[in-house]
Amino acid sequence: MSTNTPLLQTIEPDDPSATQAPPRNTASNARPAVILTPTNNMASTAADAESGLAGILRQSAHPAALFCLYFFRTSAITVYILCGLLTDNYVLSTVGVVVLLAMDFWNCRNVAGRTLVGLRFWNQVDDDGESYWVFESRDPSRPANPVDSKMFWIALYVFPALWLLLFVVSIVRFNLSFIPIVGLALVFNITNAVGFTYADRDAKQRWANNIASSGWNMGMGGIGGQILGGAMKNSIGRLFG
């Protein structure tokens, strides 16, 4: 249907007398056609609309925990770099960076890891004086938010690499006074990275054991079910071990 055709000529009116009405001079009252065209300010895809920091926080199930994780980690590196460039006060630099590193270490292990990926770890000493790792994980029936999980693991592995780069720069520039600060940052970051890596591996191992003992036998009892369950348990255990 042409957009220039009057509406009364294309749709039959309910009142037959409407067809007998004299034609109106629509040329003088006609308004110019409005053409809607897309602009560059509109997102072309859904991914573009949800990109950026604001989009990540909107998709996150725990935006406050995710923000604090990156805030403490970024602040520690930023303060270290700025103090080295803007001031020669070694005590001020050390105190500021160490406080931020301690806050990041506690937040990552006790808050961010538990809320974002459902993992937690700590080192415990028994009555005999032997220390061992203790791991906690969320119920597999409640999976973590994909955005939270991805951003958590990125922060866990990227920031130790950045501190390692700063460690190399300190050695190259013979800035030996700041090496202990970078070393402490590496200890904190690598401890969290190793701890959560083993916690994630332990959670997958337990999930594999539960699947092998309950679901993979598909209702087959007796010796056949036990053999199949044991084979799947060993194969999945080697996969995540």
Is the closest side-chain heavy-atom distance between [X] and [Y] below 4.5 Å?
X: Tyr80; Y: Ser170; value: yes
X: Asn123; Y: Tyr132; value: no
X: Leu66; Y: Ile56; value: yes
X: Met151; Y: Leu57; value: no
X: Leu69; Y: Cys108; value: yes
X: Arg114; Y: Ser137; value: no
X: Asp148; Y: His62; value: yes
X: Asn145; Y: Gln59; value: no

Out of curiosity, [X] [atom1] to [Y] [atom2], how far, rounded to the nearest 0.5 Å?
X: Leu184; Y: Trp163; atom1: CG; atom2: CH2; result: 9.0 Å
X: Phe105; Y: Arg73; atom1: CZ; atom2: CZ; result: 10.0 Å
X: Phe67; Y: Thr74; atom1: CZ; atom2: OG1; result: 9.0 Å
X: Phe178; Y: Ile171; atom1: CZ; atom2: CD1; result: 15.0 Å
X: Leu186; Y: Ile179; atom1: CG; atom2: CD1; result: 11.0 Å
X: Asn192; Y: Phe188; atom1: CG; atom2: CZ; result: 9.5 Å

Using every non-hydrogen atom in the two residues, find where [X] and [Y] come nearest and quote the distance to one decimal.
X: Pro160; Y: Ala155; result: CD-O, 4.1 Å
X: Val125; Y: Ser131; result: CG2-CB, 4.0 Å
X: Ala65; Y: Leu116; result: CB-CD2, 4.2 Å
X: Arg206; Y: Glu136; result: NH2-C, 4.1 Å

Answer yes or no: is there a donor N or O on one side and an acceptor on the other, between the side chain of Asn110 and the main chain of Trp106, under 3.5 Å?
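Checked: pair present.
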So, the side chain of Asp126 versus the backbone of Asp128: is there a donor-acceptor pair under 3.5 Å, distance only?
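Checking the backbone N and O of Asp128 against the side chain of Asp126, a donor-acceptor pair under 3.5 Å is found.
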Examine [X] and [Y] and state if one hydrophobic cluster contains both, with Ile, Leu, Val, Met, Phe, Trp and Tyr joined whenever side-chain heavy atoms are less than 4.5 Å apart.
X: Leu164; Y: Leu101; result: yes
X: Ile81; Y: Leu92; result: no
X: Val147; Y: Ile154; result: yes
X: Phe159; Y: Val169; result: no
X: Phe72; Y: Val99; result: yes

Ser75 and Tyr70: side-chain donor and acceptor closer than 3.5 Å?
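Note: Ser75 and Tyr70 side chains miss the donor-acceptor criterion.
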Mind running side-chain contact (heavy atoms from CB on, under 4.5 Å) on Leu162 and Leu166 for me, showing each step along the way?
CA-CA 6 Å; Leu162 294 178; Leu166 292 176; 5.7 Å; no
Does the side-chain contact (heavy atoms from CB on, under 4.5 Å) test come out yes or no for Phe121 and Arg109, once each step is laid out?
CA-CA 7 Å; Phe121 74 95; Arg109 194 182 69 169; 3.6 Å; yes
So for atom CZ, which belongs to Phe71, do other residues, nucleotides or ligands contribute more than 12 heavy atoms lying within a distance under 6.0 Å?
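Counting neighbours around CZ of Phe71, 12 or fewer heavy atoms of other residues, nucleotides or ligands fall under 6.0 Å, so no.
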Are the aromatic rings of Trp122 and Phe135 close, with centres under 6.0 Å apart?
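That pair fails the under 6.0 Å test.
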Do Trp133 and Tyr198 make the cut of ring centroids closer than 6.0 angstrom?
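No, too far apart.
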